[in-house]
There are 2 protein chains.
Amino acid sequence: MSEPRVLPLLTGPPPERRDAARNREALLAAARELVERDGVHAVTMDAVAAAAGVGKGTVFRRFGSKEGLMAAVLDHSETEWQRQLMFGPPPLGPGAPPWDRLVAFGWSRLETTLLHADLIRAAGAEGSRSSAAYSLVAMHVRYLLSELEVTGDLPILATALLAPMEIPILDQQIELDGFPLDRVYAGWVDLARRIVGPNAG
Amino acid sequence: MSEPRVLPLLTGPPPERRDAARNREALLAAARELVERDGVHAVTMDAVAAAAGVGKGTVFRRFGSKEGLMAAVLDHSETEWQRQLMFGPPPLGPGAPPWDRLVAFGWSRLETTLLHADLIRAAGAEGSRSSAAYSLVAMHVRYLLSELEVTGDLPILATALLAPMEIPILDQQIELDGFPLDRVYAGWVDLARRIVGPNAG
DNA sequence: AGTCGAAACGGACCGTGGTCCGCTTTGTAT
DNA sequence: ATACAAAGCGGACCACGGTCCGTTTCGACT
């Protein structure tokens, strides 16, 4: 007749075994290190497994695919930025008027995306789609638009505003068309102004 | 003392040897057929080579990579659509007022993109970036915007209008968020209206 | 401490994209 | 017709992502 270890109501889904957790940590650390040292493209799954001192099967069990692993590394890298967005100083963080926040967001997001470009590409669908990362960003933009009293289909408008900041489009404009970064950014601000309408700063 | 086969001024860069051209045709035909029959994902480069009756090396010599081959197949598939755009009946083709053409373009492009979704994904950067396909579309939108007397950085605005029609964004909205197609389209038209301003229909 | 089922592990194995290099074909110049 | 360089060819070969399954580890319950 033993008590359950925690109150049943607080029990999440099934927890993770200790060795599993340890291995996830080790793998993530190894992956981060290798990515930083050799660049995303040169990192192989075997190498990550070896560096973490586990078998290859374990890597795939934990992260599903190379995309999944890279998405995890990316998520970790973007955490700090997300903190800035939600709790950092204005105008990126809370406290500034919504239009100023939006403009600051645009620039900061552009920088961050380009900084992590390789990782984002390697994370593929797992990276941009789903994963807390994207939802948070989308939610933030929707929120700012609503603060600016924009009317219309906000989820869709937010997507329209975010789309030109996605890697494939940036690659197109910067690598291929050769537009300088400030022109791309100015274009984005112009787009934002047209979407927001008269309430834009 | 022999004459050059063609007038020097008409000579392009270096021409293509007869066997090479024949193989390119055979490969493209085989690839198209296999893609249609088995779906993009199930087609292997070995299979294409075998079906065309050439060695694997030849496939890579001609098309560089699987992405390259798929981009070639895609290009071929989109030719008919491009013809409609430039010479077909209004409102998609010439003859209708620019706003009507833009709206028709939006819907048609959405349909076409979704129809070729797998191919586009498989063609990766080779598919959307560069390649006549994209440039033509971008040029068309720039042209319509200028006809609508939109002021601003037209190349950038055109990109902003095209970005939400790219496969990664559509995947996000349709597969993941579960938005119905007509909502996505309505959102796009709204975006276009905001970009175009008072001259929109 | 001992038992037991479930979860996790690891590394041999497989399929596929992509490379390499010795051999063949093509086209031109004589 | 013949010679010859360059372009093209093909398929053995390699590397890497991903799977599979017999073995090991964990931890809950007694």
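To find a chain, count down the sequence lines: A is the first, B the second, and so on, and within it residues start at 1.
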A:Arg62 side chain near C:dC9 phosphate (N/O to OP1/OP2, under 4.0 Å): yes
Nearest-angstrom distance from the residue atom CD of B:Glu16 to C1' of D:dA6: 15 Å
Whole-Å distance separating the CZ atom of A:Phe60 from the P atom of C:dC13: 18 Å
Whether A:Phe105 and A:Trp81 hold their rings parallel, tilted or perpendicular, with breakpoints at 30° and 60°: tilted
Aromatic plane relationship, B:Trp188 with B:Tyr185 - under 30° parallel, 30 to 60° tilted, over 60° perpendicular: parallel
Sugar-phosphate, base or nothing in reach of B:Arg22, heavy atoms under 4.0 Å: sugar-phosphate
Protein-nucleotide distance (B:Lys66, atom NZ; C:dG17, atom P), rounded to Å: 4 Å
Pair B:Glu16 + B:Arg24: basic N to acidic O under 4.0 Å: yes
Polar side-chain contact B:Arg17-D:dA7 base: donor and acceptor under 3.5 Å: yes
Side-chain N or O of A:Lys56 closer than 4.0 Å to phosphate OP1/OP2 of C:dG10: no
Residue whose closest nucleotide on DNA chain D lies nearer the 5' end, A:Gly57 versus A:Val43: A:Val43
Separation of atom CE in B:Met45 from atom P in D:dG10, rounded to whole Å: 15 Å
Selected nucleotide, minimal atom distance to A:Arg61 side chain, candidates D:dT19, C:dC9, C:dG17: C:dC9
Proximal nucleotide (of D:dG8, C:dG17, D:dG18) relative to the A:Ser65 side chain: D:dG18
NZ/NE/NH1/NH2 to OD/OE distance under 4.0 Å, A:Arg121 and A:Asp118: yes
For atom CD of A:Glu126 and atom P of D:dG18, their distance in whole Å: 10 Å
Nearest-Å distance for atom pair CZ/P, residues B:Arg24 and C:dT26: 17 Å
Donor-acceptor contact present, side-chain A:Arg101 to main-chain A:Leu85, <3.5 Å: yes
Sugar-phosphate only, base, or nothing, as touched by A:Val59 at under 4.0 Å among non-hydrogen atoms: nothing
Candidate nucleotides D:dG8, D:dG10, C:dG27, ranked by approach to the side chain of B:Arg18 - the nearest: C:dG27
B:Ala20, nearest nucleotide to its side chain (from D:dG8, D:dG17, C:dG18): D:dG8
Phosphate OP1/OP2 of D:dC9: any B:Asn23 side-chain N/O under 4.0 Å: yes
B:Asp46 CG to C:dG17 C1', straight-line distance once rounded to whole Å: 8 Å
Rounded distance in Å - CZ (B:Phe63) to P (D:dC9): 11 Å
Phosphate OP1/OP2 of C:dG10: any A:Thr58 side-chain N/O under 4.0 Å: yes
